[in-house]
Amino acid sequence: MRLRIFYCVIALCFINPLQVMGASSDVTRLQDAINSSDTLILKGKYRLDRTIRVTSPIVIKGKASLIFNKNTKVGLSIESSDVTITGLTLMTKSTQSNLLQSIGTGKEPLRNLRIENCTFRGGKNAIFWDYVDDAIITKNKIRTISYAGIALHSCHRIIVTYNHIKDINLDHSNQNSYGIAATFHYGHPKSTDICINDNTVENNPYWEALDTHGGERIEFCRNVVRNCWRGVAAVSSNHNNVIMLCGEVLISQNDILCSNEPYSNGIAFASEDAEHLSYDWVINNNTVRKAVIGIYSTYSSRAKVTNNYIIALDQGWQDWGSRSISFVDNKIELAAKAKGNYKSCGIFLIPKGQAKEIFGEIKNNIINSGYSESIILRDNFTYTVEQSGNRVNDSAIKR
């Protein structure tokens with residue numbers, strides 16, 4: 001009975017909480033407490049040399065630290081719906097482990113998970129979810145990871161908000177790395193209906209802060225990005241000729257500052273080719289600074305790009321082969337000295353696909369390109385594009 005320290009009767013009549021005081025290397029004691037409780041309050045430090053499993057509905061809260069052995073591939077494994085984890089710290093020195101993992105199936109996804117006010121340090125992935133629906137990840141602090149802060153695969157109706165993720169892949173041991181990603185494993189369904197809003201992602205200098213591969217109805221709103229190679233990426237995926245297109249993606253009110261790495265861009269929305277166009281984008285009211293290309297797009301249709309403020313080193317906006325684009329009321333400023341990765345200009349449009357299609361409209365933008373051209377239509381750009389009301393300052397060009 002030394003694990004069961006009860007509070008007063010009045011406080012316990014509804015939830016019967018169980019309080020466990022931490023002790024090092026006591027995996028069995030912690031696992032038994034989780035298995036026998038529906039509400040568990042943890043304190044102290046736990047030094048753990050194997051995975052802790054949550055196999056039934058429970059609320060686990062407190063200020064405990066779960067410190068996992070470097071050889072433990074999964075720290076806390078959530079294998080049940082209706083689980084809340086709040087206030088805990090999960091740590092590891094491993095660069096290959098998942099600190100918190102939740103894996104359902106297509107037929108039986110996990111539901112109603114909530115991860116709140118937790119701290120994660122170390123690992124390959126801090127929060128790694130497959131087939132989780134109707135869940136919340138909020139107000140967590142994630143530090144020093146090698147691949148992804150929050151990785152969502154084939155997930156639906158997830159709210160990811162007010163998390164602070166910092167220091168990702170700083171040794172560049174992985175080619176790709178992410179702050180928050182809503183994606184899928186190849187051969188599995190895409191993620192849909194996910195809100196990635198009001199988060200801060202800092203210091204992922206070699207890859208992306210926020211990402212979806214082939215997601216539908218994904219929101220990226222009011223996020224702050226600092227020192228990341230790309231701020232927001234919403235891109236299609238093609239694996240063994242199975243193409244996953246993005247659709248109905250909202251990218252709005254994000255504040256993005258890129259890293260110093262070559263070819264950086266603030267926002268990328270992209271698809272595969274002229275026959276497979278991603279669709280129905282809204283990119284508005286974002287601020288992008290220090291990007292080599294502010295906004296980069298390919299093979300997209302029905303995109304509304306409005307009221308963005310872009311400070312770029314080479315190009316404000318570059319597009320390949322899109323259709324029905326509305327680029328209106330944006331402000332582009334180019335640095336006095338280009339980065340030199342691309343031809344310097346305000347807007348650079350590259351034709352792909354059939355000639356004489358409707359590209360869209362470029363209206364009422366302010367383009368301060370200085371020593372560079374304002375708008376370049378490369379090669380045989382024969383698409384229909386309506387230009388009106390643009391205010392251009394390229395007066396520094398030698399005529």
Side-chain angles (χ1 to χ4, degrees), residues 170 172 179 200-211 220 223-235 251-270 283-298 303 305-320 322 325 327-350 362-379 381 385 387 389-399:
L170 293 185
H172 207 183
T200 298
V201 180
E202 298 183 73
N203 297 341
N204 188 17
Y206 306 109
W207 208 245
E208 297 168 353
L210 308 169
D211 171 272
F220 300 94
N223 299 287
V224 175
V225 174
R226 295 289 181 266
N227 194 39
C228 296
W229 179 75
R230 180 179 284 155
V232 182
V235 299
I251 303 172
S252 180
Q253 301 180 66
N254 300 286
D255 184 348
I256 298 167
L257 179 68
C258 291
S259 68
N260 291 321
E261 292 300 303
Y263 309 105
S264 67
N265 40 86
I267 297 170
F269 58 101
I283 298 95
N284 64 18
N285 299 302
N286 299 284
T287 298
V288 174
R289 290 170 290 159
K290 216 172 82 171
V292 175
I293 297 179
I295 297 178
Y296 173 76
S297 56
T298 67
V305 185
T306 60
N307 290 299
N308 299 286
Y309 180 34
I310 302 163
I311 302 175
L313 300 176
D314 282 2
Q315 297 176 2
W317 173 37
Q318 182 184 119
D319 181 86
W320 296 59
S322 293
I325 298 283
F327 193 87
V328 176
D329 292 322
N330 301 286
K331 183 176 181 180
I332 295 173
E333 294 184 5
L334 293 190
K337 186 176 182 181
K339 186 81 171 181
N341 299 132
Y342 302 93
K343 181 175 179 60
S344 181
C345 64
I347 296 174
F348 193 71
L349 304 182
I350 302 169
I362 302 174
K363 293 182 177 180
N364 303 325
N365 301 286
I366 299 172
I367 305 174
N368 294 323
S369 54
Y371 288 88
S372 305
E373 295 180 62
S374 56
I375 300 176
I376 295 177
L377 308 181
R378 204 187 78 170
D379 301 332
F381 193 93
V385 54
Q387 300 185 53
N390 298 301
R391 287 179 286 169
V392 173
N393 179 13
D394 57 6
S395 58
I397 297 178
K398 293 181 179 180
R399 307 291 181 180

Give a yes or no on whether the backbone of Asn223 and the side-chain of Asn254 come within a donor-acceptor separation of less than 3.5 Å. yes
Set of residues satisfying side-chain contact (heavy atoms from CB on, under 4.5 Å) with respect to Glu261, sequence neighbours excluded: Tyr206, Trp229, Ser259
Asn365 side chain to Ile332 backbone, donor-acceptor under 3.5 Å: no
Going by salt bridge (charged side-chain N to carboxylate O under 4.0 Å, His left out), name the residues that satisfy it together with Asp255, two or more places apart in sequence or in a different chain. Arg226, Arg289
Would you please name every residue forming a ring-ring contact (aromatic ring centres under 6.0 Å, His included) with Tyr263, sequence neighbours left out? Tyr342
Please report the closest heavy-atom contact between Asn204 and Glu208, naming both atoms and the distance. ND2-O, 2.9 Å
Using the side-chain hydrogen bond (donor to acceptor under 3.5 Å, both in side chains) criterion, which residues pair with Asn308? Sequence neighbours excluded. Asn286, Asn330
Does atom CZ of Arg378 have more than 12 heavy-atom neighbours from other groups under 6.0 Å away? yes
Does any non-hydrogen side-chain atom of Gln387 lie less than 4.5 Å from one of Ile347? no
Residues Ala209 and Val201: closest non-hydrogen pair is CB-CG1, 3.8 Å
Between the OG atom in Ser374 and the CG atom in Asn390, the distance rounded to the nearest 0.5 Å is 8.0 Å
Nearest 0.5 Å, what's the CH2-CD1 distance between Trp320 and Ile350? 4.5 Å
Roughly how far, to the nearest 0.5 Å, is CD1 of Ile362 from CG of Leu377? 7.0 Å
Those residues that, when tested against Asn260, pass side-chain contact (heavy atoms from CB on, under 4.5 Å) (two or more places apart): Lys290
What are the two closest heavy atoms between Ile310 and Gly294, and how far apart are they? CG2-CA, 3.6 Å
Residue list, salt bridge (charged side-chain N to carboxylate O under 4.0 Å, His left out) with Glu333, at least two apart or on another chain: Lys331
Val288 vs Ile267 side-chain heavy atoms within contact, under 4.5 Å: yes
For Lys343, what residues pass the salt bridge (charged side-chain N to carboxylate O under 4.0 Å, His left out) criterion, not counting sequence neighbours? none
Of all residues at least two apart in sequence or in a different chain, which pass the side-chain contact (heavy atoms from CB on, under 4.5 Å) check with Leu313? Val292, Ala335, Lys339
Under 4.5 Å between any side-chain heavy atoms of Val305 and Phe269, yes or no? yes
Would a distance-only check, ignoring hydrogens and angles, find a side-chain to backbone donor-acceptor pair under 3.5 Å from Asn341 to Pro262? no
What residues form a side-chain hydrogen bond (donor to acceptor under 3.5 Å, both in side chains) with Asn284, not counting sequence neighbours? Ser252
Closest approach of Gln315 and Ala312, non-hydrogen atoms and distance? O-CB, 3.2 Å
Going by the rule side-chain hydrogen bond (donor to acceptor under 3.5 Å, both in side chains), which residues pair with Thr287 if we only count those two or more places apart in sequence or in a different chain? none
Closest heavy-atom pair, Gly346 versus Leu334, reported as atoms and distance to 0.1 Å, is N-CD1, 3.9 Å
Which heavy atom in Gly231 sits nearest to a heavy atom in Val225, and how many Å separate them? CA-CG1, 4.0 Å
State which residues pass side-chain contact (heavy atoms from CB on, under 4.5 Å) with Cys258; sequence neighbours excluded, sorted by chain then number. Ile256, Ser264, Ala291
Pairwise distance CG(Asn364) to CG(Asp329) - rounded to 0.5 angstrom: 5.0 Å
With sequence neighbours excluded, tell me which residues meet ring-ring contact (aromatic ring centres under 6.0 Å, His included) with Phe327. Trp317
